[in-house]
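Predicted, not measured: the structure shown is a model, and the values here were computed from it. Chain letters run A, B, ... following the sequence lines, proteins first, then strands; residues in each count from 1.
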Number of protein chains: 2
Amino acid sequence: MKPHDTRTGRGRPRAFDRAAALAKAMDVFWAKGYEGASLAELTEAMGINPPSLYAAFGSKEALFLEAVQLYSVREDGPDWDAVLEAPSARAGIARLLDESAVAFTRRGKPRGCLIALGALHDTGANASVCAKLRAYRTGNLAKLRRRLERAATEGEIPRTVDCDAVASFYLSIQHGMSILARDGASRATLLAVARAAMDAWACLTSPRGPEGDARSEASTKRGPV
Amino acid sequence: MKPHDTRTGRGRPRAFDRAAALAKAMDVFWAKGYEGASLAELTEAMGINPPSLYAAFGSKEALFLEAVQLYSVREDGPDWDAVLEAPSARAGIARLLDESAVAFTRRGKPRGCLIALGALHDTGANASVCAKLRAYRTGNLAKLRRRLERAATEGEIPRTVDCDAVASFYLSIQHGMSILARDGASRATLLAVARAAMDAWACLTSPRGPEGDARSEASTKRGPV
DNA sequence: CCTGTTATGTATCGATTGCTACATATTTAG
DNA sequence: CTAAATATGTAGCAATCGATACATAACAGG
């Protein structure tokens with residue numbers, strides 16, 4: 001039983017605020033990514049030395065995973081479960097995108113989403129971390145899809161709608177906003193993107209749906225430029 | 001005058017194919033990112049030793065920038081200039097998204113976009129590379145916006161359309177597709193996302209446009225969950 | 001007090017990072 | 001041929017990486 005976070009009251013007490021140190025580490029990982037954040041930066045931001053970090057969190061990887069957990073629970077990131085609880089799928093997704101636009105452009109905080117950008121490249125050494133973040137993202141995709149499927153059964157949208165495609169569409173927007181935020185996009189711009197994505201709701205959930213033939217001009221012209 | 005690529009015919013000739021080695025390096029950077037790709041991996045994939053790499057390309061950073069240049073020129077990535085040349089903005093953007101969906105899911109190639117994912121985190125050491133990739137992306141955003149503005153002046157879309165918002169919307173989709181591809185999305189899924197984004201064209205470029213009041217349900221319900 | 005337990009600071013560890021010194025090999029110019 | 005120029009392979013550079021050994025400090029239970 002490792003005493004990473006258990007406080008038995010025995011021995012010398014911890015001299016730093018574990019939660020505060022974790023929050024500091026989260027910001028570093030958020031800004032630099034998992035591999036880009038060095039132990040030196042982490043320990044300096046957390047105000048502790050490496051042995052304290054390892055005694056309290058176990059390893060860099062475990063610290064990162066705790067930071068991601070904190071990110072997904074605190075208000076730093078958008079609230080995905082609210083998407084499921086919202087009275088309508090449309091309202092839930094709209095709220096998700098709005099909250100993302102706000103969360104990705106907080107003053108004094110890194111831009112974009114820790115879960116979307118934290119570890120995109122599998123370099124071998126970070127395979128486990130990379131896969132875990134991927135699981136977060138695919139889990140979010142499943143949440144979106146299930147909410148849309150429920151909307152289809154409840155009559156909010158037609159049953160002909162391709163829920164998987166619409167879910168991928170909105171998740172793509174949410175991920176794309178992270179990169180736009182990294183590139184300096186303003187909160188107003190991200191909110192405009194969110195609004196545009198919701199303006200598209202009517203088109204995506206129309207009875208003929210995305211499987212319709214409403215793109216005659218687009219992809220048939222694939223001849224030479 | 002550094003002889004990185006100039007061939008004067010003097011001295012011992014190069015024993016490897018510079019272009020082929022660059023293509024191999026591009027694949028490594030594409031898969032691992034700039035910082036995630038180590039010299040050991042690069043030299044092994046290129047089939048050369050470090051001194052040959054530095055004699056031919058100058059540095060890891062210069063090699064990466066050449067790889068990015070190659071990526072943006074060859075068919076590996078989508079053709080952004082075709083967006084400008086297409087007869088209509090809608091057809092150009094549709095083609096861009098379709099080509100992206102295909103390019104991000106090529107068999108035997110890394111998933112997603114090198115320019116979108118290659119160096120998202122500024123860790124200090126890679127600041128220059130990070131800024132250069134960002135310049136690529138913001139340049140693409142400008143290309144999209146200018147094409148939409150031209151469409152507005154030519155009557156393809158109403159003048160009331162917020163071209164900057166629509167451009168950010170479609171670039172967000174294109175960036176988001178890279179992350180979806182990284183997470184294992186199939187080519188069919190990405191093509192469905194592209195199609196959904198183009199289905200939204202009518203909504204985004206309707207006379208009332210994205211600034212309309214067509215989201216009464218979405219954001220007014222921001223009360224407690 | 002003493003013993004056991006846990007945390008902290010210093011000072012590293014071996015491994016890996018990007019990069020290069022150096023001697024040798026292979027070419028052209030004269 | 002000789003001399004200059006460029007490339008290659010070996011071997012290793014200083015710096016940094018994540019992670020620890022060790023002695024000491026600060027607590028609880030007895």
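- Between R10(B) and dT6(D) there is no side-chain polar atom (N or O) within less than 4.0 angstrom of OP1 or OP2.
- Taking the ring centre of F16(A) as origin, the terminal cationic atom of R14(A) falls inside the region bounded by 6.0 Å and 45° from the ring axis.
- Considering only side-chain N and O atoms, Y54(B) lies nowhere under 4.0 angstrom from the phosphate OP1 or OP2 of dT20(C).
- Listed nucleotides dT8(D), dG4(C), dC27(D) differ in distance to P13(A); the shortest reach to its side chain belongs to dC27(D).
- One can place CG of L39(A) at 18 Å from P of dA15(C), the figure rounded to the nearest angstrom.
- Comparing dG18(D), dG9(C), dT10(D) by their nearest atom to the side chain of N49(B) picks out dT10(D).
- We find that CG of L53(A) is positioned 13 Å from C1' of dA7(C), with the value rounded to whole Å.
- As a whole-Å value, the separation of E44(A) CD from dC17(D) C1' is 16 Å.
- Checking dA7(D), dT27(C), dA7(C) against the side-chain heavy atoms of A55(A) singles out dA7(C) as nearest.
- One atom, CZ of F57(B), and another, P of dA7(D), lie 12 Å apart when rounded to the nearest Å.
- For the pair Q174(B)/W80(B), a side-chain contact is recorded, criterion being any heavy-atom separation below 4.5 Å from C-beta on.
- Among dT8(C), dA7(D), dG4(C), the nucleotide with an atom closest to any side-chain atom of S52(A) is dT8(C).
- For the pair F169(B) and V193(A), the tightest heavy-atom approach, listed with the atom from each and the gap, is N-CG2, 3.8 Å.
- Residue A37(B) is classed as a sugar-phosphate contact, given heavy-atom separations below 4.0 Å to backbone atoms only.
- Looking at which nucleotide of DNA chain D each of P51(A) and F16(B) is closest to, the 5′-most match is held by F16(B).
- One interatomic measurement links the two molecules: NZ of K32(B) to C1' of dT17(C), which rounds to 14 Å at whole-angstrom precision.
- Using cut-offs of 30° and 60° for the angle between ring planes, the F29(B) and F64(B) rings count as perpendicular.
- In the interface, the side chain of R12(A) is paired with the base of dA25(D) through a donor and an acceptor atom under 3.5 Å apart.
- Rounded to an integer number of Å, the gap from E61(A) CD to dA19(D) P is 9 Å.
- Using a cut-off of 4.0 Å between Lys/Arg side-chain N and Asp/Glu carboxylate O, D98(B) and R195(B) are scored as not salt-bridged.
- Regarding R18(A), its CZ atom lies at a distance of 12 Å from the P atom of dT8(C), rounded to whole Å.
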